[in-house]
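Since we're looking at a predicted model, the values are computed, not measured. In what follows, chains are A, B, ... by sequence order, proteins preceding strands, each numbered from 1.
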2 protein chains.
Amino acid sequence: MTAPSTPAPRPTLEAVAAHAGVSRATVSRVVNGGAGVRSSLAGRVLRAVDELGYVPNRAARSLVTRRHDAVAVVIAEPETRVFADPFFAQQLRGISKELTAHDSQLVLLLVEGRDDYARVGRYLAGGHVDGALVFSVHLDDELPDIIRRSALPTVFGGRPDRGGECAPYVDCDNRGGAREAVRHLRSLGRKRIAHIAGPPDQTSAVDRLDGYRDVLPEADPALVARGDFTPAGGERAMRELLDRAPELDAVFAANDLTAAGALRVLHERGRRVPEDVAVVGFDDMEPVVEQTRPPLTTVRQDIEGMGRLMARLLLRGLERGGVRGAPCGDSVTAPASVITPTALVRRASA
Amino acid sequence: MTAPSTPAPRPTLEAVAAHAGVSRATVSRVVNGGAGVRSSLAGRVLRAVDELGYVPNRAARSLVTRRHDAVAVVIAEPETRVFADPFFAQQLRGISKELTAHDSQLVLLLVEGRDDYARVGRYLAGGHVDGALVFSVHLDDELPDIIRRSALPTVFGGRPDRGGECAPYVDCDNRGGAREAVRHLRSLGRKRIAHIAGPPDQTSAVDRLDGYRDVLPEADPALVARGDFTPAGGERAMRELLDRAPELDAVFAANDLTAAGALRVLHERGRRVPEDVAVVGFDDMEPVVEQTRPPLTTVRQDIEGMGRLMARLLLRGLERGGVRGAPCGDSVTAPASVITPTALVRRASA
DNA sequence: ACGGTGGGTGAGAGCGCTCCCTATCCTGGC
DNA sequence: GCCAGGATAGGGAGCGCTCTCACCCACCGT
């Protein structure tokens with residue numbers, strides 16, 4: 001500590017071997033699980049490792065194994081407030097837990113804009129990581145294609161646009177959750193159920209709108225307004241809806257933030273919630289849901305669980321040497337996508 | 001792509017050398033800046049690199065250079081909603097930009113609880129990264145100590161508890177910002193200025209409270225209530241304050257979320273803002289500040305900038321071979337801490 | 001014209017690890 | 001009691017790169 005010039009002479013396998021009186025190969029075997037080593041010897045090696053404070057040199061190991069025990073997490077367009085969203089924080093937590101358990105590193109790649117795509121593609125193709133977990137929420141985004149071309153084992157977070165059937169992804173059951181929300185409103189006896197949709201260039205928003213339409217195929221088009229997943233967008237859309245269809249008695253908002261905005265406008269316009277208008281959101285985002293008045297009924301998804309699942313899917317694929325550039329439908333190497341269930345959480349707003 | 005068994009034969013330095021008709025050493029020189037190579041030759045090498053799509057093998061490089069071009073970002077206790085906070089997202093963005101510009105990787109370490117500290121310490125001491133950027137917001141947290149013991153070059157985000165004068169850190173001017181907020185309220189003619197403090201185990205909260213006291217050393221202790229940086233805490237504290245000191249005419253909240261909670265209670269109790277009670281927050285967190293009614297006057301800090309600064313400080317230290325376990329006050333190797341300025345943003349609430 | 005100078009280049013030794021292959025030991029079967 | 005054969009251990013090559021050092025050659029001064 002006090003001597004800044006001491007470069008901390010990290011012990012090598014060689015040193016451990018000498019200390020334990022065995023060969024490098026044996027130490028290596030012990031360090032990597034110890035299969036095929038007499039337990040008495042293994043014990044001696046372990047003790048030596050401990051006494052010397054030996055930590056394997058990852059670089060040397062990668063050099064020969066060609067694995068890196070590292071996974072890239074790519075988050076596109078953090079410029080938008082998308083990244084600031086607690087959503088990613090939770091997914092990251094899930095991913096982190098799973099990777100840590102597998103002794104893998106999490107390399108975070110924040111992509112600022114399309115200019116960066118080439119750099120990211122190069123990085124991924126550069127063979128510095130074993131796989132990638134990619135969040136790219138927008139339709140017609142070229143990032144998924146670039147990544148697929150890199151032939152790196154990949155799992156997407158959220159259904160990607162094109163070729164969703166090719167690339168494995170993890171997404172919640174947006175459509176099913178939306179159906180449940182709308183059915184709940186209908187079961188409450190509501191007749192004029194409106195929907196504030198999310199941005200039409202995001203698959204999650206599209207799927208939720210589809211779910212709404214599944215239940216209400218004949219719904220008046222005037223009952224659907226477009227939001228953008230933000231409270232401000234929710235306010236705007238709610239005003240539009242109230243002007244266009246003042247007789248509405250329920251709103252299914254594409255996410256909780258949108259619902260929060262809508263609630264404010266409803267109060268402003270003197271509509272009581274849930275008496276006059278029932279409101280349901282989507283996401284069950286704690287900090288939002290707890291702060292609305294009344295507390296928001298919403299569709300919950302297990303975000304952290306989705307993160308874990310993504311990581312698990314990728315790691316499992318890596319173990320089996322799969323995922324890599326698997327052609328569509330090659331279920332032998334490519335793990336199947338997973339749609340996680342959602343659950344309606346009833347609070348006071350509906 | 002279609003052949004999943006092709007292990008993508010990545011070209012090596014050797015291959016490039018052969019292709020360009022030079023030695024490995026020369027290619028290495030060119031790839032690493034090209035100093036001391038005739039430009040005609042360098043051109044030929046560059047062309048070969050391009051044609052073969054050569055990407056240096058990081059592992060092989062690290063093995064000999066003992067550098068990794070990787071920095072760990074340690075975020076402690078993401079369990080609390082701290083991590084979900086857009087705050088970290090923004091800092092990460094700043095850090096990511098800076099690291100990317102230096103061609104360094106960002107290895108994210110999410111620490112779940114004290115049980116994980118040992119693991120993190122081992123990882124950092126394990127020599128897999130060149131340095132660390134650490135966020136540990138709590139007082140009496142052992143993490144900073146553990147990390148300091150790892151002798152890894154480190155920059156802290158936010159003033160750490162003990163030995164803040166030893167470890168370089170980047171923090172905003174919490175105390176000065178608080179002073180400015182309170183002075184602003186005083187300049188508005190407010191006489192009974194209350195403060196809702198943050199959790200007393202976080203340096204930022206303590207510093208803000210200190211700033212309040214700097215300006216109002218004689219303030220009635222009944223005017224200070226304790227919050228916890230959450231809206232719920234803000235509500236609770238505001239109720240307390242109104243009960244204890246109903247004549248108060250201004251509130252300086254330790255952060256925006258707290259202010260949001262306080263605002264709700266003020267409305268509830270029929271106090272007009274800012275006419276009866278002026279309110280100032282801290283952070284200028286967009287999604288919050290925009291949604292309060294009235295829009296919140298607050299103290300802004302350049303969060304992304306702080307992230308960049310942390311990374312820059314660390315990288316600069318690494319270049320100079322410093323930061324590493326530098327004894328207190330060793331200004332030669334250890335970069336000094338940086339306190340970034342804050343700015344009052346006036347909106348309708350004060 | 002000749003030794004000196006120095007920029008430019010190549011040869012070669014490893015960095016720390018894994019893994020193939022061979023050497024050794026011990027066990028059991030006859 | 002002897003050998004086949006499995007279980008363990010060690011030897012050694014080499015992963016792809018950097019870096020020191022020796023070398024080469026053109027050009028300088030005298």
**Message:** Do A:Tyr117 and A:Asp145 pair up side chain to side chain, a donor and an acceptor below 3.5 Å, judged on atom types alone?
**Reply:** no
**Message:** Tell me the interatomic distance from A:Leu13, atom CG, to C:dC19, atom P, rounded to whole angstroms.
**Reply:** 12 Å
**Message:** I need the B:Thr100 OG1 to A:Leu110 CG distance, nearest 0.5 Å.
**Reply:** 8.0 Å
**Prompt:** Is there a donor N/O on one and an acceptor N/O on the other, under 3.5 Å, for the side chain of A:Arg29 and the base of D:dG10?
**Reply:** yes
**Item:** B:Ser23 vs C:dG10: side-chain N/O to OP1/OP2 distance below 4.0 Å
**Value:** yes
**Request:** Would you mind telling me which of D:dC17, D:dA9, C:dG16 lies closest to the side-chain atoms of B:Val64?
**Result:** D:dC17
**Fill in**
Regarding the side chain of A:Asn57, the nearest nucleotide among C:dT18, D:dG11, C:dC17 is C:dC17
**Fill in**
Separation of C:dC26 atom P from A:Leu41 atom CG, nearest Å, is 13 Å
**Prompt:** Toward the 5' end of DNA chain C, which comes first, A:Asn32 or B:Ala25, by nearest nucleotide?
**Reply:** B:Ala25
**Item:** salt_bridge(A:Arg47, A:Asp50) N-O dist < 4.0 Å
**Value:** no
**Complete:** Between CG of B:Asp69 and P of D:dC17 the distance, given in whole Å, is 14 Å
**Residue-phosphate contact under 4.0 Å: B:Ser28 side-chain N/O, D:dT18 OP1/OP2** = yes
**Message:** Taking 4.0 Å as the cut-off, does a side-chain nitrogen or oxygen of A:Thr26 come that near to OP1 or OP2 on D:dG10?
**Reply:** yes
**Prompt:** Sub-3.5 Å donor-acceptor pair from the side chain of A:Ser62 to the main-chain atoms of A:Arg58, do we have one?
**Reply:** yes
**Message:** If the cut-off is 4.0 Å, is B:Arg66 near the phosphate of C:dG16, judged by side-chain N/O to OP1 or OP2?
**Reply:** yes
**Interatomic distance where CG belongs to B:Leu63 and P belongs to D:dG14 [whole Å]** = 17 Å
**Side-chain N,O (B:Arg38) to OP1/OP2 (C:dT9) below 4.0 Å** = yes
**Message:** Please report the distance, rounded to the nearest Å, between CZ in A:Arg67 and P in C:dG16.
**Reply:** 20 Å
**Request:** Establish, with yes or no, whether the OP1 or OP2 oxygen of D:dC17 is under 4.0 angstrom from a side-chain nitrogen or oxygen of B:Arg24.
**Result:** no
**Fill in**
When rounded to whole Å, the NE2 to P distance for the pair B:His68 and D:dT18 reads 14 Å
**Request:** Let me know the distance between CZ of B:Arg10 and C1' of D:dC17, rounded to the nearest Å.
**Result:** 14 Å
**Fill in**
Taking D:dT18, D:dT20, C:dT18 as options, the one with an atom nearest any side-chain atom of A:Arg61 is C:dT18
**Fill in**
Tested for side chain to side chain contact (heavy atoms under 4.5 Å, CB included) against A:Ser28, the lone hit among A:Asn32, A:Val30, A:Val31 is A:Asn32
